[in-house]
2 protein chains.
Amino acid sequence: MDEGRRAARRQVLQVAAKLLEEGGSEAVSTRAVAAAAGITAPALYRMFDDKDGLLAELAAYGFEMYLAEKREALALTPDDPVADLYRGWDLHVDFGVQHPAFYMLMYGTVRPGRRPPAADEAHALLVRLLGRAADAGRLRVPVEQATRVILAATTGATLALIGEGPSERDLTASARLRDTVIASVTTDPPASPGSDLASRALALDAALETALTAGSPAADAGVPLRATETALLREWLQRLAG
Amino acid sequence: MDEGRRAARRQVLQVAAKLLEEGGSEAVSTRAVAAAAGITAPALYRMFDDKDGLLAELAAYGFEMYLAEKREALALTPDDPVADLYRGWDLHVDFGVQHPAFYMLMYGTVRPGRRPPAADEAHALLVRLLGRAADAGRLRVPVEQATRVILAATTGATLALIGEGPSERDLTASARLRDTVIASVTTDPPASPGSDLASRALALDAALETALTAGSPAADAGVPLRATETALLREWLQRLAG
DNA sequence: CTCGTCCATGGAACAACGATATCGCATTTT
DNA sequence: AAAATGCGATATCGTTGTTCCATGGACGAG
């Protein structure tokens with residue numbers, strides 16, 4: 001009857017999860033969990049060794065919920081690895097603001113020595129996402145480094161959002177940080193040569209314009225071309241941009 | 001004799017800080033602090049109302065240390081607001097990894113309702129730094145938003161570094177995130193027209209190169225210039241870059 | 001069917017914690 | 001000088017994490 005054991009554990013974890021979501025981490029005491037689960041304190045101590053053991057399994061339970069949500073939502077996108085990164089960020093932040101106590105338990109409790117082993121699954125999911133991006137040639141840094149950067153930024157943004165009350169919550173900062181960080185580790189989709197040429201030509205033309213009109217007369221001292229040459233150059237630039 | 005009160009408070013806070021740094025947050029119990037400070041529990045409860053009050057003032061004490069370090073180090077730079085942002089990031093992270101327990105108390109304890117009032121000083125310092133950058137025209141987003149973005153990214157990076165053991169600590173991720181985030185809210189320094197021209201000319205030349213060598217022969221279909229014209233254009237671009 | 005052994009169980013208890021009331025003493029006031 | 005007042009320390013309360021020990025039931029042997 002080992003199955004009964006696991007079912008009992010799961011039921012205890014469910015009631016502990018309910019206590020955590022409703023009353024925060026302070027509501028999760030061994031006595032409260034045991035009483036709410038209809039068992040006695042020593043029984044709970046036989047299931048999970050410590051309170052730390054209970055909290056560790058509770059965190060694992062949270063990661064299960066998190067991964068279930070995330071996998072379900074990510075399965076919809078067929079194959080755009082970078083778009084999956086954006087969706088992954090938003091799902092992570094959403095989970096954090098909708099389950100703040102769980103999120104604090106899962107990501108906010110950092111102890112210099114301890115690393116929650118349950119977090120490795122979520123870590124692996126992010127690594128897999130980034131691995132697919134790397135396989136598609138859309139990553140400009142190693143997967144390992146991209147993982148660290150994205151994870152740090154995501155948890156920072158989520159914890160900041162949790163810290164603000166639900167009223168003054170400003171999602172634009174999270175969105176900005178998301179766009180910036182993801183753009184910094186990924187590369188743009190292969191653009192058509194024409195548009196790339198066009199933008200660069202326009203930029204060079206604008207730079208020439210400012211260089212020529214900066215200091216009134218004889219301003220072309222910084223431009224190592226004759227006036228006729230720059231004129232023809234700018235005409236070609238216009239044609240490239242067109 | 002109100003001064004004696006404040007001196008006593010300060011001494012209690014100092015011994016509490018020592019307990020915190022040596023034994024982590026678990027070592028900071030009202031009894032331990034009172035015993036180590038040579039006072040009794042009720043005396044400690046008269047100085048600070050609650051344990052939360054003690055922890056709040058302890059966090060304020062930490063922010064004092066933090067701001068002292070930061071102001072001292074930042075005073076050295078005369079006036080390059082964006083460089084100050086980089087230094088501010090590194091100082092923040094350094095403080096976090098060197099005082100993990102204090103950092104967790106100051107930045108890691110986020111409760112949906114409570115905001116530590118002592119953090120406002122550090123927040124104000126960052127706002128001041130960003131305000132100077134904005135005055136210098138180096139900010140491309142409002143100060144408020146830049147503050148949120150930088151603070152979230154910094155705390156995320158620092159908490160991640162604290163979470164890793166002191167052995168496998170990887171500072172490159174923090175540096176990469178720092179460069180990315182700061183670059184995303186600031187604008188490049190007004191470059192001299194010459195160097196600006198040079199970089200843009202080089203970029204356009206590279207784009208031309210890829211456009212020409214992309215698809216084997218007759219690749220100049222996307223370049224609306226004759227072969228001789230592109231040759232002369234590229235020569236001028238080289239001269240601009242030189 | 002009865003008995004004995006083994007083991008999970010749960011009530012009770014221990015230690016430490018946050019927090020407070022009661023008592024004694026010193027100082028001040030009339 | 002006697003009463004009043006304010007302060008600090010001892011003792012205490014309720015709660016938490018954790019464990020001990022007696023109890024009771026399950027299960028195999030005779």
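None of these values were measured; they are calculated from a predicted model. The chains referred to below are lettered A, B, ... by the order of the sequence lines, with proteins before strands, and numbering in each begins at 1.
Rounded to whole angstrom, the span from the CZ atom of Phe48(B) across to the C1' atom of dA19(C) amounts to 16 Å. At whole-Å resolution of the value, CG in Asp52(A) and P in dT16(D) are 17 Å apart. Across the protein-nucleic acid pair, Asp50(A) atom CG and dT19(D) atom C1' stand 12 Å apart, rounded to whole Å. Between the C1' atom of dC17(C) and the CG atom of Leu54(B) lies a distance of 14 Å, rounded to the nearest Å. As rounded to whole Å, 12 Å separates atom P of dG17(D) from atom CD of Glu26(B). Atom C1' of nucleotide dT18(D) and atom CG of Asp49(A) are separated by 12 Å, given to the nearest angstrom.
Residues from residues 31-46 of chain B with heavy atoms under 4.0 angstrom of DNA chain C, sorted by number: Arg31(B), Pro42(B), Tyr45(B).
The closest donor-acceptor contact from the side chain of Arg178(B) to the backbone of Asp90(B) lies at 3.5 Å or more, if one exists at all. Formation of a donor-acceptor pair under 3.5 Å by the Arg138(A) side chain with backbone atoms of Ala133(A) is not found in this model. With hydrogens and angles ignored, the 3.5 Å screen pairs a side-chain donor or acceptor of Thr109(B) with a backbone N or O of Met104(B).
For the pair Thr30(A) and dT16(D), the criterion of a side-chain N or O lying under 4.0 Å from OP1 or OP2 is not met.
Taking every heavy atom of both residues into account, Ala32(B) and Ala27(B) meet most closely at CB-O, 3.7 Å. Considering all non-hydrogen atoms of both residues, Ala37(B) and Val15(B) come closest at CB-CG1, 3.6 Å.
Applying the side-chain hydrogen bond (donor to acceptor under 3.5 Å, both in side chains) rule to pairs touching residues 139-150 of chain B yields Glu164(A)-Arg148(B), Thr172(A)-Gln145(B), Glu144(B)-Arg148(B), sequence neighbours excluded.
As judged by a 4.0 angstrom heavy-atom cut-off over every strand, Ser29(A) is placed among residues touching the sugar-phosphate backbone only.
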